[in-house]
Amino acid sequence: NLLRRTLMNTPGVFIQEKKVIFDNDAPNLKSKLVALDAAFNSPTEENLEQFKFETFFLPKYYQIIERIKPAETVINLIGPFTLSQRLMNSEGTQLLADKYYRKVVIQSICVKALWIIHKIKKLSPETRPLIILEEPLLYKIGDIKRENEDVTRDVIINMFSKVISKIHEYEGLVGIQCFEKCDWKIPIDSGVDLISFDAYNNPNNLNIMPEKINEYLVRGGRINWAIVPVMNETIVKSLSVEYIYDRFIKTIEGLIVAGTSEKLTYNRATISIQGDINSLPLIFAEKALIVANQVSKRIPVKS
């Protein structure tokens, strides 16, 4: 669903099982790419509407936004690095190293983000949309660079930076989420507003770079501690707010001991579940969300 949402109405692209294929012979490809470019550079309602996504939750989502007018709201999309890793030509060759295809990936993500930002702002002008770019393949950067020397750190940062700066231009915030161990310096150096990591299975992922994390927090960056496990029904069934809260405190204190500011580390922290809950029975999915919410309310505020 997330992949389809991100790629819906993208010119020349179709999904074949888990592969994303770019068809250079797709009908009217040239004119559609011109329209995509126009929506990216001039994101009017009319230009963006051609590239909108549809998903079952949107009508209810719009109702909630309009009714409660939250300070922030979240929409998830597949991030540019992972999407570019999935994108192949009809012969099965990956296309990340090609600037032409990188442009299609960047513009596709941006117009989806700008379209939903426009919709949210129309319902609640004061609400700040937070676009979470899911990057499940971010942990593979080292392997990918070894296989293809054209895929450099600078190329990846450039992709992130272009998406982030475009969303910032239209009053959106950007988070990058990866639940595997990865190099968080890359998203941070790209100008991201929030990083979201699996603090349950990989609690020490940030501890190796306290100076970089501190710089990030000082400039206003936030950390989402995805510490409520949702791997299976049995784990969720055994959860308690007390257990997750204690685990969170020990984990966040580990980063502070490594060298980050106690005040900033606590005051710029958020809590979430640690993965998808699509496969959980509704009662357990609800429990995981309730636990995350209750722990969030208990995060100490440091003066």
Side-chain angles (χ1 to χ4, degrees), residues 74 76 79 81-82 130 132-143 175-190 192-277 279-280 284-285 287-302:
V74 171
N76 294 50
F81 177 72
T82 294
L130 171 59
I132 298 289
L133 302 175
E134 297 207 11
E135 288 286 1
L137 298 183
L138 197 59
Y139 77 102
K140 294 185 71 175
I141 282 177
D143 294 336
I176 289 181
Q177 177 163 284
C178 180
F179 289 154
E180 303 288 344
K181 282 188 177 180
C182 64
D183 181 359
W184 284 106
K185 290 178 184 176
I186 291 175
I188 289 171
D189 288 344
S190 304
V192 75
D193 302 293
L194 177 144
I195 56 175
S196 178
F197 80 110
D198 183 349
Y200 188 83
N201 286 327
N202 301 315
N204 301 319
N205 198 179
L206 305 180
N207 296 12
I208 58 172
M209 42 185 278
E211 289 182 8
K212 175 63 71 173
I213 294 295
N214 218 49
E215 289 171 15
Y216 167 69
L217 295 171
V218 165
R219 71 164 171 81
R222 291 184 289 171
I223 300 172
N224 179 59
W225 302 74
I227 200 165
V228 180
V230 291
M231 288 90 77
N232 57 58
E233 187 178 317
T234 304
I235 285 177
V236 176
K237 191 175 181 179
S238 68
L239 288 180
S240 72
V241 172
E242 209 58 50
Y243 168 71
I244 295 299
Y245 178 75
D246 288 346
R247 188 163 180 141
F248 166 69
I249 294 297
K250 288 174 184 172
T251 305
I252 202 170
E253 287 291 334
L255 182 57
I256 293 163
V257 168
T260 62
S261 156
E262 180 185 47
K263 177 183 175 181
L264 292 177
T265 307
Y266 273 108
N267 293 354
R268 302 200 187 282
T270 57
I271 299 284
S272 80
I273 57 173
Q274 157 245 32
D276 294 330
I277 50 176
S279 60
L280 289 176
F284 294 111
K287 179 179 179 180
L289 292 171
I290 289 167
V291 169
N293 185 43
Q294 292 300 315
V295 174
S296 294
K297 290 176 178 176
R298 294 179 62 178
I299 297 175
V301 176
K302 302 291 183 176

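Only a predicted model underlies this, so the values are computations on that prediction, with no experimental measurement involved.
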For L206 versus L255, what's the shortest heavy-atom pair and its separation?
O-CD1, 3.7 Å

Show, in sequence, the C-alpha distance, side-chain angles and deciding distance for K302 and T265, and conclude whether the side-chain contact (heavy atoms from CB on, under 4.5 Å) test is met.
CA-CA 9 Å; K302 302 291 183 176; T265 307; over 6 Å; no

Donor-acceptor pair, Q274 side chain versus A226 backbone, under 3.5 Å?
no

Close side-chain approach of L138 and P187, heavy atoms under 4.5 Å
yes

May I have the step-by-step check of side-chain contact (heavy atoms from CB on, under 4.5 Å) for I256 and Y266, ending in yes or no?
CA-CA 9 Å; I256 293 163; Y266 273 108; 3.5 Å; yes

Distance in Å, I186 CD1 paired with I195 CD1, rounded so as to fall on 0.5 Å steps
12.5 Å

Donor-acceptor pair, side chain of T251 and main chain of P203, under 3.5 angstrom
no

Between R247 and Y200 (side chain of the first, backbone of the second, donor and acceptor by atom type, cut-off under 3.5 Å), is there such a pair?
yes

Show me the pairs that pass side-chain hydrogen bond (donor to acceptor under 3.5 Å, both in side chains) and involve residues 228-241, at least two apart or across chains.
none

CD (E253) and CZ (F248) are apart, to the nearest 0.5 Å, by 9.0 Å

CD1 of I299 to CD1 of I249, rounded to nearest 0.5 Å, is 8.0 Å

Of all heavy-atom pairs between F179 and I273, which one has the smallest distance, and what is that distance?
CZ-O, 4.2 Å

Between E242 and R298, does at least one N-O distance fall below 4.0 Å, as a salt bridge requires?
yes

Strictly distance-based, threshold 3.5 Å: is any side-chain N or O of K181 a donor or acceptor partner for the main-chain N or O of N202?
no

Heavy-atom neighbours of K212 NZ exceed 12 at 6.0 Å:
yes

Nearest heavy-atom pair of A285 and I277: which atoms, and what distance?
CB-CD1, 3.8 Å

Taking every non-hydrogen atom, the tightest pair across P229 and V236:
O-CG2, 3.6 Å

With Y216, which residues qualify under ring-ring contact (aromatic ring centres under 6.0 Å, His included), at least two apart?
none

Using the salt bridge (Lys or Arg N to Asp or Glu O under 4.0 Å) rule, collect all pairs that involve residues 196-208, keeping only residues at least two apart or in two chains.
none

Test your reading of the model: is there a side-chain donor-acceptor pair from E135 to the backbone of T82, 3.5 Å cut-off?
yes

Which value, rounded to the nearest 0.5 Å, describes the distance between I188 atom CD1 and D183 atom CG?
8.5 Å

One pair to check against side-chain contact (heavy atoms from CB on, under 4.5 Å): V230 and I235. What are the steps and the verdict?
CA-CA 7 Å; V230 291; I235 285 177; over 6 Å; no

Closest non-hydrogen atoms of N214 and S261, given as atom of the first, atom of the second and distance, are OD1-N, 2.7 Å

Find the distance between CG (L289) and CZ (F284) and round it off to the nearest 0.5 Å.
13.5 Å

Minimum heavy-atom distance I244-V228, with the two atoms named:
CG2-CG2, 3.9 Å

Separation of N224 CG from L194 CG (nearest 0.5 Å)
5.5 Å

For L239, is there any backbone N or O sitting under 3.5 Å from a side-chain donor or acceptor partner on K287?
yes

